[in-house]
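These numbers come from the heavy atoms of this one structure, side chains and all, not from hydrogens, waters or symmetry mates. Naming: A, B, ... by sequence-line order, numbering from 1 per chain. None of these values were measured; they are calculated from a predicted model.
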There are 2 protein chains.
Amino acid sequence: MSSEAAGLYSGTTSDAMEKIVTALDSSAAAGPGEPESAAKQIPPAAVARMTLYLRALNSLLAEGVERVSSEALAEASGVSSSTLRKDLSYVGSYGTRGVGYEVQYLSRHIAAALGLTHDWKVAIVGAGNLGKALARYGGFESRGFDIVAIFDADQMVIGSEVGWLRVSDVADMESVLHRTGANMVVLALPATVAQEMCDRVIAAGIRSILSFAPVLLQVPPYVNLRKVDMATELQILAYHAQRTQTPGQPVRRDVG
Amino acid sequence: MSSEAAGLYSGTTSDAMEKIVTALDSSAAAGPGEPESAAKQIPPAAVARMTLYLRALNSLLAEGVERVSSEALAEASGVSSSTLRKDLSYVGSYGTRGVGYEVQYLSRHIAAALGLTHDWKVAIVGAGNLGKALARYGGFESRGFDIVAIFDADQMVIGSEVGWLRVSDVADMESVLHRTGANMVVLALPATVAQEMCDRVIAAGIRSILSFAPVLLQVPPYVNLRKVDMATELQILAYHAQRTQTPGQPVRRDVG
DNA sequence: TAGATTGTTAATCGATTAACAATC
DNA sequence: TAGATTGTTAATCGATTAACAATC
């Protein structure tokens with residue numbers, strides 16, 4: 001996260017949620033004096049891996065595969081089968097012992113656990129190179145994220161076409177967010193204006209933000225914020241590269 | 001992500017490196033029978049945070065601040081002072097008890113630990129929207145990453161200008177990588193061709209790769225691979241959003 | 001010397017792995 | 001029933017936090 005991966009996630013995990021008790025559940029299994037069952041919370045590292053399982057399952061589905069073992073799915077996702085089974089246990093028991101998992105059935109349950117059963121409406125703030133690239137990126141639509149608006153402050157850019165959309169004036173941001181029903185925002189902005197726009201977006205009612213701005217954003221605890229910083233990724237790579245490559249070493253041509 | 005927390009880092013950490021012994025160091029401190037000092041390895045989560053410290057320090061430097069305490073630097077980086085001091089202890093003792101850290105001095109030592117004392121030469125494979133956005137992104141140059149080439153397979157795109165560069169034909173990739181001295185590659189490609197290009201880049205001698213392709217890449221253990229997947233980030237965000245927002249709930253207009 | 005702050009240790013917390021009983 | 005594979009437990013491993021001795 002950070003990893004975080006290295007995750008650099010700084011969102012909220014409501015402790016209050018942990019304490020919600022499902023009174024009906026607790027009667028049978030729990031012995032006297034034992035804590036009662038609480039609303040499950042999936043560990044952050046497991047949530048990140050769920051997206052890998054989902055991607056692998058959807059590939060299998062596209063290939064027409066109907067069943068898969070934890071061993072095979074783990075391999076396709078790049079994790080150990082032990083980790084996979086442990087992760088799946090956080091969302092429920094959707095496999096059959098001695099048999100494996102039904103691909104479509106498991107895929108649906110993971111999607112449900114991640115909150116991907118309905119489409120999310122995403123607005124992009126910033127129509128520079130990155131904002132445009134994101135707006136045109138096909139990977140979002142196919143995974144349940146609809147880009148519903150893109151904003152910029154530059155009069156030369158406002159009104160121009162980006163993919164299926166027209167760039168809106170950031171001055172109208174609040175009304176456009178409201179009209180389009182956006183419930184997530186991607187910040188593709190320079191560091192200098194990121195905090196200001198972040199504040200406005202939150203004031204407009206948005207509670208989930210993905211930021212590409214290379215700056216530490218301050219958000220209230222009830223806002224979910226994730227950050228992606230491409231220069232940071234290269235710096236982390238540099239650290240590992242340094243340990244395996246002699247710093248000045250030029251590219252070696254392999255024979256082959 | 002990361003930690004990777006949710007870090008999805010799947011690179012290599014050479015165990016052999018751990019065993020390199022600095023014979024001279026060990027005589028004084030280590031008692032008889034104790035293991036001798038080995039080449040330090042910074043934990044992944046700490047490496048990711050180092051980039052935050054570096055960013056914060058460079059901001060302070062720009063403001064003309066000369067000294068900073070662990071408490072203040074931690075706050076500016078969004079971590080606890082305990083974590084900060086622990087992290088810094090992995091790279092050395094660059095503070096003064098009772099006083100704090102000299103900003104420039106600490107910044108230089110962290111940069112050195114991350115392998116950022118020389119510029120890295122980065123080639124981008126794929127001149128689509130994302131590749132172009134990355135090539136024009138100012139954040140790289142300012143942090144010691146020189147973009148030295150950008151490739152595409154589309155004859156309509158080859159030869160066109162992107163930032164300071166001209167798009168090269170991916171057919172000439174090996175010779176251009178060699179000529180420009182590139183030692184890192186960013187893959188900005190569709191999933192379908194990513195593995196193939198990844199293989200070619202590795203065969204050409206590249207050992208450090210940052211991939212934006214939404215697919216699990218297979219690389220040999222001596223290659224450092226990091227992945228950034230923007231749709232994955234939104235999916236993780238969706239999970240947290242689901243826990244705090246009622247799924248279908250529209251944006252609420254706050255009074256203010 | 002007294003106050004401040006680092007660097008490090010020990011305790012806590014969480015994540016991963018290995019192993020296996022449950023069960024199809 | 002025998003073989004296969006899940007779901008879960010316990011053990012290991014690593015990361016974070018709190019506390020404080022060292023020392024400026």
Below 4.0 Å: OP1/OP2 of [N] and any side-chain N or O of [X]:
X	N	answer
Thr83(B)	dT17(D)	yes
Ser70(B)	dT5(C)	no
Tyr90(B)	dA15(D)	no

Let me know, please, whether Leu88(A) or Lys86(B) comes out on the 5' side of the other along DNA chain D by nearest nucleotide.
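Taking each residue's closest nucleotide, the earlier one in sequence belongs to Leu88(A).
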Give the rounded distance in Å between these two atoms: [atom1] of [X] and [atom2] of [N].
X	N	atom1	atom2	result
Gln41(B)	dA15(D)	CD	P	10 Å
Arg97(B)	dC20(D)	CZ	P	16 Å
Glu75(A)	dT5(D)	CD	P	14 Å
Leu84(A)	dT17(C)	CG	C1'	13 Å
Asp87(A)	dT8(D)	CG	P	13 Å
Tyr94(A)	dT8(D)	OH	P	12 Å
Arg49(A)	dT17(C)	CZ	C1'	11 Å
Arg85(B)	dA15(D)	CZ	C1'	16 Å

Does dG14(C) pair with anything, Watson-Crick or G-U wobble, both distances under 3.5 Å, and if so, with which nucleotide?
dC13(D)
Could you please name the partner base of dT23(D), counting Watson-Crick and G-U wobble pairs only when both distances are under 3.5 Å?
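Pairing partner: dA4(C).
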Residue whose nearest DNA chain C nucleotide is more 5′ - Thr96(B) or Pro43(A):
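Looking at DNA chain C, the more 5' nearest nucleotide goes with Thr96(B).
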Working note: Tyr94(A) + Tyr101(A), criterion ring pair (Phe, Tyr, Trp, His ring centres under 6.0 Å); need CA distance, chi angles, decisive distance, verdict.
CA-CA 7 Å; Tyr94(A) 301 119; Tyr101(A) 302 90; 8.8 Å; no
Sub-4.5 Å side-chain heavy-atom contact between Leu187(A) and Cys198(A)
yes
For the side chain of Ser69(A), starting at C-beta, report the closest nucleotide among dA15(D), dT6(C), dT6(D).
dT6(D)
Within the structure shown, what part of the strands sits under 4.0 Å from Ser82(A) by heavy-atom distance: base, sugar-phosphate, or nothing?
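Since a base atom lies under 4.0 Å of Ser82(A), the category is base.
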Quick check against the 3.5 Å criterion: does Thr51(A) have a side-chain atom that pairs as donor or acceptor with the backbone of Val47(A)?
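No; zero donor-acceptor contacts below 3.5 Å.
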Do Ser208(A) and Asn183(A) pair up side chain to side chain, a donor and an acceptor below 3.5 Å, judged on atom types alone?
no
Carboxylate-amine/guanidinium contact Glu102(A) Arg67(A), below 4.0 Å
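Salt bridge flag = no for Arg67(A) with Glu102(A).
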